[in-house]
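Take this structure, written in C-alpha cells, and hold onto it; I'll ask about it next.
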Amino acid sequence: MPDFLTEEQQTLYRQAAALYDAMFGGETTGIDYAFPSPDALPDEYSTYTPDGSDYTYIRSDCRWQSWADFDRVVRGVFTDRLWAELNEADFDGSPSVYIEHDGQLYILDCSYGDQYYNNVFPDEFALVEQTDERIEFTVTAHYSYPYPRQGESYEERDERMKTSYEFSLTFPVVLLRTDAGWRFDTFCTGAAAEMRCPDAVFDGVTEDDFYGSGA
C-alpha cells in the first residue's frame, strides 16, 4: 500500500482496486464472481436489449443487483466525473458496460483480453503531490510474457515468471477530497493498465523483441 496515505485512504484504495479489477480487469462479468450474491439465483441470466441498440445485456448476479446499491458503491470510491468517464455511453465509440433496467444492474458481457500483469512483484508507489485537498501519485506495475521462448521449457518459463519481469507500466492516480469525502478522480490498477491506461509509461522489452531474440 502507498505508505503516504492515511489508514482511511489506504482502505479506500483497497476497495477501489478490488472493484476496478472486478469491473475492468478482464471479464466485465467479473464483478459477479468477485462479489457474488449471497442469495440463491436462477441458473440462466435475464437478458435485455435497449431500444435501437445492437447490444444485449445480462442481469448481474453480484451482491449489488439493485442499480441503486451498485451506483452507491461505485460513487463511494470514484468521483462522479471518473465514473462517467469509465462507463460513459459511446466513450471511444463503445456502449456503456453497466446500465440500469427496471431498477436492476445489467452488464454488457465482454472480455478485455489477456493481460500480462505479474503479481509476484509488488506495485511501487511514488508521491507526486500531496495537499489537504488533492493527492497525486504514480503506480508502477510489473509484467511478464507468459509463453515460453524458443528453447525455453514450461518449467523454465514458470521459474522466469517467479524471478523476473519483462516490462513495467507507470500510470497516475489522483485522490480528491469531495463534499462526500475522499474519492479517486484518476485511477487504474496493474491488472487493467494494459487495456485501460494507454498513456502509461512503458519501460522494458517489447513482446516482439523478447520472443524474436530467441533463447
Side-chain angles (χ1 to χ4, degrees), residues 1-5 7 9-36 61-63 77-78 82 86-87 92 94 97-98 107-128 135-175 184 186-215:
M1 296 302 302
D3 58 10
F4 44 80
L5 298 183
E7 184 175 344
Q9 292 164 349
Q10 288 183 350
T11 296
L12 189 69
Y13 183 85
R14 291 188 184 96
Q15 293 170 336
L19 189 62
Y20 194 97
D21 278 346
M23 295 168 63
F24 303 112
E27 306 291 333
T28 54
T29 51
I31 192 171
D32 288 358
Y33 302 105
F35 303 102
D61 283 345
C62 75
R63 69 179 65 168
V77 294
F78 303 131
L82 179 57
L86 292 173
N87 197 47
D92 287 340
S94 300
V97 174
Y98 304 93
I107 303 172
L108 184 63
D109 187 10
C110 57
S111 171
Y112 294 109
D114 294 330
Q115 289 85 48
Y116 297 155
Y117 180 63
N118 189 335
N119 61 10
V120 170
F121 301 92
D123 293 344
E124 300 171 6
F125 305 97
L127 181 63
V128 175
I135 303 172
E136 180 179 354
F137 58 95
T138 61
V139 181
T140 299
H142 308 86
Y143 303 82
S144 294
Y145 297 122
Y147 309 107
R149 306 171 75 184
Q150 182 179 354
E152 183 181 41
S153 69
Y154 281 95
E155 290 76 14
E156 290 170 331
R157 184 279 313 270
D158 292 344
E159 186 63 23
R160 166 172 60 81
M161 294 181 66
K162 292 177 184 177
T163 58
S164 64
Y165 58 89
E166 277 68 69
F167 68 94
S168 65
L169 293 175
T170 299
F171 49 89
V173 171
V174 175
L175 191 58
F184 288 99
T186 302
F187 194 83
C188 196
T189 65
E194 290 174 271
M195 296 296 296
R196 305 289 300 189
C197 303
D199 296 330
V201 178
F202 177 96
D203 182 30
V205 181
T206 67
E207 189 169 14
D208 287 344
D209 287 343
F210 182 75
Y211 287 108
S213 62

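Everything quoted here is computed from the prediction, not taken from an experiment. Each residue takes its place number in the sequence, starting with 1.
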Can you tell me how far apart CD (E166) and CE (M161) are? Round to the nearest 0.5 Å.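 Rounded to the nearest 0.5 Å, the CD-CE separation comes out at 8.0 Å.
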Do D109 and T28 come within less than 4.5 Å of each other through their side chains, counting heavy atoms only?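 Touching, per the 4.5 Å side-chain cut-off.
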Do V173 and F125 have side chains that get closer than 4.5 Å, going by heavy atoms?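 Contact flag for V173/F125 side chains = no.
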Let me confirm one number: the OH-CG distance from Y13 to L175, rounded to the nearest 0.5 Å.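 The OH atom of Y13 sits 11.0 Å away from the CG atom of L175.
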Side chain to side chain, D203 and F167, heavy atoms closer than 4.5 Å: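 A side-chain contact under 4.5 Å is absent here.
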If every non-hydrogen atom of Q9 is compared with every non-hydrogen atom of L5, which pair is closest and at what distance?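 Taking every non-hydrogen atom into account, OE1-CA, 3.4 Å.
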Flag the pair R196 / L86 as yes when at least one side-chain heavy-atom distance between them is below 4.5 Å, and no otherwise.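 A side-chain contact under 4.5 Å exists here.
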Does the side chain of L19 reach to within under 4.5 Å of the side chain of F35, using non-hydrogen atoms?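 Of all side-chain heavy-atom pairs linking F35 with L19, at least one is under 4.5 Å.
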Can you label the angle between the F210 ring and the Y145 ring as parallel, tilted or perpendicular, going by 30° and 60°?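 If you compare the ring of F210 with that of Y145, the planes turn out tilted.
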Rounded to the nearest 0.5 Å, what separation is found between the CZ atom of F4 and the CD atom of Q10?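 Answer for the CZ-CD pair, F4 versus Q10, is 9.0 Å.
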Verify, without hydrogens or angle tests, whether Y98 (side chain) and M23 (backbone) share a donor-acceptor contact under 3.5 angstrom.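 Flag set: sc Y98 to bb M23 pair under 3.5 Å.
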Quick one: does E194's side chain get under 4.5 Å of L169's, heavy atoms only?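 Heavy-atom side-chain distance check passes, below 4.5 Å.
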Out of curiosity, Q15 CD to F184 CZ, how far, rounded to the nearest 0.5 Å?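 If we round to the nearest 0.5 Å, Q15:CD and F184:CZ are 9.5 Å apart.
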Taking the side chain from S144 and the backbone from S164, do they hold a donor-acceptor pair closer than 3.5 Å?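 Judged by distance alone, yes, a pair lies under 3.5 Å.
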Trace of the ring-ring contact (aromatic ring centres under 6.0 Å, His included) decision for F24 with F187: CA-CA 11 Å; F24 303 112; F187 194 83; over 10 Å; no
Indicate the atoms forming the closest heavy-atom contact of D21 with A192, along with that distance.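 Heavy atoms only, the tightest pair is OD1-N, 4.4 Å.
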With distance as the sole criterion, is a donor-acceptor pair present between the side chains of T29 and D32 under 3.5 Å?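 Side chains of T29 and D32: no pair found under 3.5 Å.
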Salt-bridge present (R149, E156; N to O < 4.0 Å):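 Salt bridge absent between R149 and E156.
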Rounded to the nearest 0.5 Å, what separates atom NZ in K162 from atom CG in N118?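 K162 NZ to N118 CG: 11.5 Å, rounded to 0.5 Å.
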If I compare all heavy atoms of G204 with all of F202, which pair ends up nearest, and what's the gap?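 For G204 and F202, the tightest heavy-atom pair comes out as O-CE2, 3.5 Å.
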Backbone of V139 reached by a side-chain donor or acceptor of D123 within 3.5 Å: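 No, because the side chain of D123 does not come within donor-acceptor range (under 3.5 Å) of the backbone of V139.
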Would you please say whether a donor-acceptor pair under 3.5 Å links the side chains of E207 and Y116?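 Side chains of E207 and Y116: pair found under 3.5 Å.
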Kindly say whether Y211 contributes a backbone atom to a donor-acceptor pair with the side chain of Q150 at under 3.5 angstrom?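 Such a contact is absent between Q150 side chain and Y211 backbone.
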For Y143 and G190, indicate whether the former's side chain and the latter's backbone hold a donor-acceptor pair under 3.5 Å.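 A pair under 3.5 Å: yes.
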Closest approach of C188 and A193, non-hydrogen atoms and distance?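 Distance-wise, the nearest heavy atoms are SG-CA, 3.6 Å.
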Should the ring pair F78 and Y20 be called parallel, tilted or perpendicular, given that the plane angle runs from 0 to 90° and is split at 30 and 60?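 Correct class here is perpendicular.
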Does any part of the side chain of T138, heavy atoms only, come nearer than 4.5 Å to the side chain of F171, both counted from C-beta?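 No, side chains not in contact.
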Would you indicate whether the side-chain heavy atoms of I135 and L127 approach each other to under 4.5 Å?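 Side chain of L127 against side chain of I135, heavy atoms only: contact under 4.5 Å found.
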What's the separation between atom CG in N87 and atom CG in L82, rounded to the nearest 0.5 Å?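 The CG atom of N87 sits 10.5 Å away from the CG atom of L82.
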